[in-house]
2 protein chains.
Amino acid sequence: MDNWDVIIVGAGSAGLSAAIYAVRSGLKTLVLDEKFAGGTIADAPTIVNYPGFVSISGGELAQKMADHARALGANIHDIEAVTTLDLKGETKTVTTTGASYTAKAIIISTGSHYKEIGAKGEKEFRGRGVSYCGVCDGPFFKGKRVVVVGGGNSACITTLYISGLASQVTVIHRRQMFRAEESLVNDLKAKTNVNILWNTEVQEIKGDRQVRSVTLIDNSTGQTSELAVDAVFVQVGEAPNSQLANAAGVEIDEHGYIKIDMHQRTNLEGVFAAGDVTNHPVKQVGTAVGQGITAALEAYAFIRRPYYKK
Amino acid sequence: MDNWDVIIVGAGSAGLSAAIYAVRSGLKTLVLDEKFAGGTIADAPTIVNYPGFVSISGGELAQKMADHARALGANIHDIEAVTTLDLKGETKTVTTTGASYTAKAIIISTGSHYKEIGAKGEKEFRGRGVSYCGVCDGPFFKGKRVVVVGGGNSACITTLYISGLASQVTVIHRRQMFRAEESLVNDLKAKTNVNILWNTEVQEIKGDRQVRSVTLIDNSTGQTSELAVDAVFVQVGEAPNSQLANAAGVEIDEHGYIKIDMHQRTNLEGVFAAGDVTNHPVKQVGTAVGQGITAALEAYAFIRRPYYKK
């Protein structure tokens with residue numbers, strides 16, 4: 001069994017930022033991620049609001065952060081999924097698909113996953129026209145008719161990105177206004193190949209080998225209609241990946257987010273959380289970074305108990 | 001009188017990050033700073049722990065953040081010092097040396113200032129050998145004998161920087177261990193022209209037109225000694241610039257830091273605070289950025305009261 005000072009579960013912006021600070025503090029640090037290091041920002045076509053970079057692709061920023069952590073000596077195990085956590089004792093145990101590790105402190109930075117809309121056909125056509133990531137799958141639909149479902153920042157960013165590829169983009173939003181930055185909304189309204197359907201929901205996604213159409217319902221009138229499309233990009237928000245931590249006794253709020261205080265402490269001693277998995281009110285790259293840094297320095301203080309924290 | 005949605009007082013990492021998000025949210029945003037935009041990071045020789053940049057000079061990062069905010073359309077008034085704040089009503093008034101402005105919300109991001117050690121001669125020789133900023137004044141002392149006072153991250157970083165310029169650096173620390181990242185301490189101990197005096201304090205700084213020597217006292221034995229030096233760099237921490245806000249009714253803690261909650265709210269409605277001026281437990285570039293972003297989005301929600309925040 002491998003022994004570490006701190007194990008960071010999840011290698012997104014929060015986890016990588018925590019790793020940078022943990023390593024520089026002299027902690028023996030392991031980072032685990034079920035996917036490749038980088039987290040959800042890797043899916044963003046463009047990031048224009050991480051201070052210091054006027055504009056950078058999400059993939060490039062994710063790579064920079066992972067390189068940064070590795071350059072300082074962080075041990076990052078990609079593609080190694082955690083299966084169980086034992087967090088209640090003084091020594092924490094993390095079991096993965098391949099091994100078992102112990103640590104004195106744990107940082108949970110498992111982020112969130114894309115929410116589904118629950119439409120008929122959504123699961124069936126996933127990967128055959130139904131997608132949750134514009135930058136991953138948008139290029140497959142060059143010159144095609146695309147639907148984007150949602151009304152937040154992610155839906156607007158995805159629409160802007162895909163409007164440069166697809167012939168026609170229809171935004172389906174169940175409300176009559178966006179919940180997005182004004183500058184995004186303005187950019188979107190200026191696009192000539194973008195059409196917005198307010199108060200509308202997707203009832204069913206239909207097709208053969210691939211998506212061919214969607215059935216829409218106007219939620220103010222109840223009227224349904226058919227729209228011929230080649231792809232459906234779902235951007236209706238995220239839900240936290242807090243199941244494993246919660247099963248190990250970490251307290252979550254009514255929406256599933258891990259409850260933290262200003263020190264990124266959870267209810268369990270020696271267990272910290274950072275980033276999109278927490279109940280912090282803002283979910284942005286820059287706030288995940290700040291939380292990761294705080295979690296690492298608080299984990300350091302917890303493990304080493306330096307004179308100024310006694 | 002100029003009317004704004006939000007006025008951000010202080011253009012350091014927190015204030016500039018707040019500006020980026022406030023502008024992108026469509027708020028009419030004014031940033032005021034008594035100095036040039038950039039804040040205290042501009043004084044750092046090197047920053048190696050802002051995720052995304054493996055290594056960058058503080059001045060360059062400060063410039064990138066200011067350029068980022070300006071590129072998005074933020075109005076930054078450099079060299080315009082705030083003289084009074086009136087924060088209790090629904091409309092907030094900010095008076096500067098040159099004008100008066102009103103706003104619906106205020107973000108206080110005034111940072112902190114360097115603490116003095118209180119040694120005899122410290123004020124007298126400021127600017128004539130006594131400095132609080134290694135990167136600003138270090139190059140004046142190439143090949144000279146320099147003292148660095150302090151034992152935290154800033155003292156270690158300053159020592160590392162100056163050891164590449166000065167012939168001999170003596171670190172004076174009142175305790176017998178550093179309060180700094182282990183990797184910094186290791187780098188410092190590897191330097192052959194750096195000498196560390198533990199349990200030692202500077203009693204007096206002496207000279208003629210410029211610094212010539214310091215009188216040291218060993219605080220474990222009470223013994224004093226003389227050390228011939230050309231410069232004294234003081235790096236003993238910071239104190240928050242919260243006086244103006246406090247005078248306007250913003251609550252501070254026992255050390256003078258503005259009390260905030262997880263939403264960066266202060267005790268006054270519509271008044272937010274972010275960065276080194278707050279009582280957040282960590283004072284780092286990355287945490288100031290996260291706090292600035294949160295403050296801007298919470299100020300937006302306060303002003304516009306969008307449906308999802310009602």
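Labels below follow one simple rule: chain letters A, B, ... track the order of the sequence lines, proteins then strands, and each chain is numbered from 1.
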Counting only pairs under 3.5 Å, give me each side-chain donor-acceptor contact of residues 55-67 of chain A, with atom names and distances, residues two or more places apart or in other chains.
unit_1: S57(A); atom_1: OG; unit_2: E60(A); atom_2: N; d: 3.0
unit_1: Q63(A); atom_1: NE2; unit_2: D67(A); atom_2: OD1; d: 3.0

Heavy atoms, side chains only, cut-off 4.5 Å: are Y21(B) and E181(A) in contact?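 Result yes, sub-4.5 Å side-chain heavy-atom pair found.
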Of all of [options], which one pairs up most often with chain A through heavy atoms under 4.5 Å apart?
options	answer
N49(B), N186(B), T287(B), V54(B)	N49(B)
M262(B), Q284(B), H280(B)	M262(B)
G26(B), A69(B), G292(B)	G26(B)
V48(B), L27(B), I20(B)	V48(B)

For [X] and [Y], which heavy atoms make the closest approach, and how far apart are they?
X	Y	value
V289(B)	P51(A)	CG1-CG, 3.6 Å
S25(B)	E182(A)	O-CB, 3.5 Å
P281(B)	T294(A)	CG-CG2, 4.5 Å

Which atoms of V185(B) are under 4.5 Å from chain A, going by heavy atoms: the side chain, the backbone, both sets, or neither?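 When you check distances to chain A, no heavy atom of V185(B) falls under 4.5 Å.
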Near R70(B) CZ, under 6.0 Å, is it more than 12 heavy atoms from other residues, nucleotides or ligands?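 Counting other residues, nucleotides and ligands, CZ of R70(B) exceeds 12 neighbours.
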Flag if over 12 foreign heavy atoms under 6.0 Å of NZ, K35(A):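 No, the 6.0 Å shell around NZ holds no more than 12 heavy atoms from other groups.
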Region of D261(A) in contact with chain B, defined by heavy-atom distances below 4.5 Å: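 The answer is the backbone of D261(A).
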